[in-house]
**Q** 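Below you will find the structure I want to go over with you.
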Amino acid sequence: MPSVTVERTHLQLLTRPGATPREALAPGLTLEEEHPCPVATYRALYGEVGRPYFWLDRLAWSDEQLASHLARGDVRVWILRDDKGMGGYFELMKHGDGSVEIAYFGLVPSRHGRGLGRLLLERAIHEAWEWGANRVWLHTCTLDGPAALPNYLARGFEPFKRETYQQLLPDA
């Protein structure tokens, strides 16, 4: 299998953003929490959102492992939908230290370029703070889309750790 050197950047928000009203969703868009998120729904989103970026971790999980994870009280999943179906999602995970991680976040490729990434990230941040976070954090890497890091930085995230690793890439 071929491999590539990847730089992962961990980012965080230590304070809640100022009182900015949540932007209303455009007509035809919904963003709702699904708890627990059905395994088939999660797999479809994880696969479609993550395929271009080589998301592989959860592909190895059995349905039972994934169902158990999604049913946990410290995991929450929101799904963005429009008239064409599922458009993206975010997954929050609350940690024992009081922080909330945006564990997964993204749009299906057909929804890129419409400003939905900003909207989805702002909602993820809002929901994390509403859940009682003392810190909101996430990580991105050089395999992610070119808009990912600028979106995080524009929403106020600050880098706190960088690491480099080798990622095996599936054969084409």
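Just so you know, these numbers come straight off a predicted model, no measurement behind them.
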**Q** Can you check whether Val77 reaches Leu92 side chain to side chain, under 4.5 Å on heavy atoms?
**A**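 Val77 does not reach Leu92 side chain to side chain.
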**Q** Verify whether the ring centers belonging to Trp55 and Tyr104 lie closer than 6.0 Å.
**A**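 Yes.
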**Q** Given the rule in the side chain to side chain donor-acceptor pair (under 3.5 Å) test, do Ser3 and Gln167 qualify, once you have shown the distances and angles that lead to the verdict?
**A** CA-CA 5 Å; Ser3 70; Gln167 173 69 49; over 6 Å; no
**Q** As an exercise, state the distance from OH of Tyr53 to CG of Leu143, rounded to the nearest 0.5 Å.
**A**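 These two atoms lie 10.5 Å from each other.
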**Q** Can you tell me how far apart CG (Leu59) and CZ (Arg51) are? Round to the nearest 0.5 Å.
**A**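 Output value for this atom pair is 9.0 Å.
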**Q** Answer with yes or no whether the hydrophobic clustering places Val49 together with Ile102; edges join I, L, V, M, F, W, Y residues whose side-chain heavy atoms lie under 4.5 Å apart.
**A**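 Each belongs to a different hydrophobic cluster.
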**Q** Checking ring-ring contact (aromatic ring centres under 6.0 Å, His included) against Phe90, which of Trp78, Tyr46, Tyr42 comes through?
**A**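 The residue from Trp78, Tyr46, Tyr42 that satisfies ring-ring contact (aromatic ring centres under 6.0 Å, His included) with Phe90 turns out to be Trp78.
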**Q** Return yes if some donor-acceptor pair links the side-chain N/O of Glu127 with the main-chain N/O of Ala124 below 3.5 Å, else return no.
**A**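 Not confirmed, Glu127 side chain does not pair with Ala124 backbone.
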**Q** Any idea which heavy atoms bring Ala133 and Val100 closest together, and the distance?
**A**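 In terms of heavy atoms, the two residues are closest at CB-CG2, 3.5 Å.
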**Q** Does Arg135 qualify as a cation-pi partner of Phe160, given the criterion of NZ or CZ under 6.0 Å from the six-membered ring centre and within 45 degrees of its axis?
**A**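 Cation-pi check for Arg135 and Phe160: passes.
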**Q** What's the spacing between Arg8 CZ and His10 NE2 if we round to 0.5 Å?
**A**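 Taking CZ in Arg8 and NE2 in His10, the distance rounds to 5.5 Å.
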**Q** Which heavy atom of Thr9 sits nearest to which heavy atom of Pro159, and what is that distance?
**A**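 The pair with the smallest heavy-atom distance is CG2-CB, 3.9 Å.
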**Q** The test is side chain to side chain contact (heavy atoms under 4.5 Å, CB included); show your working for Thr140 and Phe105 and say whether it passes.
**A** CA-CA 10 Å; Thr140 188; Phe105 168 87; over 6 Å; no
**Q** Salt bridge check: are Glu130 and Arg16 linked by an N-O gap of less than 4.0 Å?
**A**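 Salt bridge: yes.
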**Q** Measure from the side-chain N and O atoms of Asp144 to the backbone N and O of Cys141, and report whether any donor-acceptor pair falls under 3.5 Å.
**A**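 Yes.
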**Q** Given side chains that start at C-beta, do those of Gln12 and Leu14 come closer than 4.5 Å, heavy atoms only?
**A**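 Yes. Closest side-chain heavy atoms under 4.5 Å.
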**Q** I'd like to know whether Val6 forms a side chain to side chain contact (heavy atoms under 4.5 Å, CB included) with Thr164, so could you lay out the CA-CA distance, the side-chain angles of the two residues, the decisive distance to 0.1 Å, and finally the verdict.
**A** CA-CA 6 Å; Val6 177; Thr164 302; over 6 Å; no
**Q** Got a salt bridge between Arg58 and Glu91, using NZ or NE/NH1/NH2 to carboxylate O under 4.0 Å?
**A**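 Yes, Arg58 and Glu91 are salt-bridged.
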**Q** Is there a donor-acceptor pair closer than 3.5 Å between any side-chain N or O of Asn134 and the backbone N or O of Asp97?
**A**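 A pair under 3.5 Å: yes.
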**Q** Linking I/L/V/M/F/W/Y whenever their side-chain heavy atoms sit closer than 4.5 Å, directly or via other members, would Met86 and Leu80 fall into one cluster?
**A**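 Different clusters: Met86 never reaches Leu80 through Ile, Leu, Val, Met, Phe, Trp or Tyr contacts under 4.5 Å.
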**Q** Under the side chain to side chain contact (heavy atoms under 4.5 Å, CB included) criterion, do Thr142 and Thr5 qualify, and how do the steps go?
**A** CA-CA 9 Å; Thr142 51; Thr5 301; over 6 Å; no
**Q** List the atom of Ala128, the atom of Val136, and the distance in Å for their closest heavy-atom pair.
**A**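 Ala128 and Val136 have their closest heavy atoms at CB-CG2, 3.6 Å.
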**Q** When rounded to the nearest 0.5 angstrom, what is the spacing between CG in Leu70 and CZ in Arg43?
**A**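 Those atoms lie 9.0 Å apart.
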**Q** In the structure I gave you, are the side-chain heavy atoms of Trp137 and His95 within less than 4.5 Å of one another anywhere?
**A**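 A side-chain contact under 4.5 Å exists here.
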**Q** Taking Leu31 as the starting point, is it possible to reach Ile79 by hopping between hydrophobic residues whose side chains are less than 4.5 Å apart?
**A**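 Cluster IDs for Ile79 and Leu31 differ.
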**Q** Side chains of Cys37 and Val75: closer than 4.5 Å at any heavy-atom pair?
**A**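 Answer no - side chains too far apart.
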**Q** Under a 4.0 Å N-O cut-off, is there an ion pair linking Lys84 with Asp82?
**A**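 No, Lys84 and Asp82 are not salt-bridged.
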**Q** Group every Ile, Leu, Val, Met, Phe, Trp and Tyr by side-chain heavy-atom contacts under 4.5 Å, then state whether Trp129 and Tyr152 land in the same group.
**A**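 Both belong to a single hydrophobic cluster.
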**Q** Contact between Glu101 and His139 at the side-chain level, heavy atoms closer than 4.5 Å - yes or no?
**A**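 In contact.
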**Q** How far does CG of Leu56 sit from CG of Leu168, to the nearest 0.5 angstrom?
**A**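 Atom-to-atom, Leu56:CG and Leu168:CG are 9.0 Å apart.
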**Q** Judged by atom type as modelled, is there a donor-acceptor pair below 3.5 Å linking the side chain of Lys94 to the main-chain atoms of Trp131?
**A**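 Flag set: sc Lys94 to bb Trp131 pair under 3.5 Å.
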**Q** Side chain to side chain contact (heavy atoms under 4.5 Å, CB included) between Leu119 and Leu121: does it pass, once the steps are laid out?
**A** CA-CA 6 Å; Leu119 184 102; Leu121 181 57; over 6 Å; no
**Q** So for atom CD, which belongs to Glu158, do other residues, nucleotides or ligands contribute more than 12 heavy atoms lying within a distance under 6.0 Å?
**A**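 At most 12 heavy atoms, drawn from other residues, nucleotides or ligands, come within 6.0 Å of this atom.
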**Q** Work out which heavy atom in Ala71 is nearest to a heavy atom in Pro36; give both atom names and the distance.
**A**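 It is CA-CB, 3.9 Å.
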**Q** When rounded to the nearest 0.5 angstrom, what is the spacing between CG in Asp74 and NE2 in His69?
**A**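 It is 8.0 Å, given to the nearest 0.5 Å.
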**Q** Quick check against the 3.5 Å criterion: does His112 have a side-chain atom that pairs as donor or acceptor with the backbone of Leu107?
**A**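 At least one qualifying donor-acceptor pair exists.
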**Q** When you group the ILVMFWY residues by side-chain heavy-atom contacts below 4.5 Å and let the links chain together, are Val39 and Leu45 in the same group?
**A**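 Linked, Leu45 and Val39 end up in one cluster.
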